[in-house]
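Counting convention: from 1, in listed order, for ligands and their atoms alike.
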Amino acid sequence: MRVLGISGSLRKGSYNTALLRAAVGLMPDGATLEAESIKGIPLYDGDLEAAQGIPPAVQALKDKIVAADGLLLVTPEYNNGIPGVFKNAIDWLSRPAAEIPQVFGDRAVALVGASPGGFGTILSQNAWLPVLRTLGTRPWFGAKLMVSRANKAFDADGVLVDDAMRMLLRDYLAGFVRFVAESKRTSTP
Ligand SMILES: Cc1cc2nc3c(=O)[nH]c(=O)nc-3n(C[C@H](O)[C@H](O)[C@H](O)COP(=O)(O)O)c2cc1C
């Protein structure tokens, strides 16, 4: 069972990348989580796509999504919505549109996020829902996980030191992995 996780922040000290790193170490037995980033993905430009096709960084991430059983999006929140850089990456990953079913169709997807604010990333997680629906994914709604006050939940090295949150994250991942396993059973003829 392989899950691919993508952090939606480019920042070296990103709480969301730190959350993804923590998740890697809290996966249930029999499942792995590979941490990926959106680094190197250019701004979407239809002229660039027409002239040069899908950029290598986008194609590499697309291939990893296709090879994975489930997808974990680790999203920051900007202005109560999806950060442009993360949405841009997903927009590129949805090109060409004819490949959306292969990349995203029926794919089990979960959303988590971290913010120094008091509400975690609840509004950006909500803002992802129409995108996940449009791409035909199979989102998991069995639990929600938002890390609020992330500046306290992580230490200066980006280690998740909030034990209660570690337990919540571990349970969240176990629930998602069960969902991914169930999705595989029902989508395999
Ligand atoms: C342009 C911008 C808008 C932001 N808007 C929000 C917001 O609406 N809600 C929130 O909780 N945090 C907001 N923040 C703070 C981010 O949650 C914070 O910068 C966080 O560290 C970003 O995630 P990262 O640590 O993974 O890079 C915003 C930050 C930026 C740069």
TODO: Give the residue and atom name of whichever protein heavy atom lies nearest to atom 27 (O) of ligand 1, and the separation in Å to one decimal.
DONE: Ser9 OG, 2.7 Å

Open item on the list: Checking a contact table here: which protein heavy atom is nearest atom 5 (N) of ligand 1, and how many Å away?
Closed with: Asn79 N, 2.7 Å

Open item on the list: Quick check on contacts: which atoms of ligand 1 are under 4.0 angstrom from a heavy atom of Asn16?
Closed with: 23 (O), 24 (P), 26 (O)

TODO: Could you list the atoms of ligand 1 found under 4.0 angstrom from a heavy atom of Pro76?
DONE: 23 (O)

For [atom], which of the options [options] provides the nearest non-hydrogen atom?
atom                    : options                        : result
atom 6 (C) of ligand 1  : Lys12, Glu77, Arg11            : Glu77
atom 18 (C) of ligand 1 : Ser115, Ser124, Pro116, Ala150 : Pro116
atom 8 (O) of ligand 1  : Val85, Asn80, Thr75            : Asn80
atom 2 (C) of ligand 1  : Tyr78, Tyr15, Phe119           : Tyr78

Between the side chain of [X] and the main-chain N/O of [Y], is any donor-acceptor distance below 3.5 Å?
X      : Y      : answer
Glu77  : Ser124 : yes
Ser14  : Leu10  : no
Arg107 : Ala68  : yes
Asp106 : Arg138 : no

Open item on the list: Applying salt bridge (charged side-chain N to carboxylate O under 4.0 Å, His left out) to Arg2 and Asp69, what does each step give before you reach the verdict?
Closed with: CA-CA 5 Å; Arg2 296 164 64 192; Asp69 300 305; 6.0 Å; no

TODO: Check the pair Asp91, Lys87 against salt bridge (charged side-chain N to carboxylate O under 4.0 Å, His left out), reporting the backbone distance first and the verdict last.
DONE: CA-CA 6 Å; Asp91 290 341; Lys87 178 66 162 48; 3.1 Å; yes

- [ ] Please indicate, with yes or no, if any protein heavy atom is found under 4.0 Å from atom 14 (N) of ligand 1?
- [x] yes

- [ ] Between Ser14 and ligand 1, find which residue part has any heavy-atom pair under 4.0 Å and reply side chain, backbone, both or neither.
- [x] both

TODO: Hey, can you tell me if Phe176 and Trp140 have their rings parallel, tilted or perpendicular (30° and 60° cut-offs)?
DONE: tilted

Open item on the list: Using every non-hydrogen atom in the two residues, find where Ile41 and Ala89 come nearest and quote the distance to one decimal.
Closed with: CD1-CB, 3.8 Å

Task: Sub-4.0 Å heavy-atom contact, Gly120 with ligand 1 - done: yes

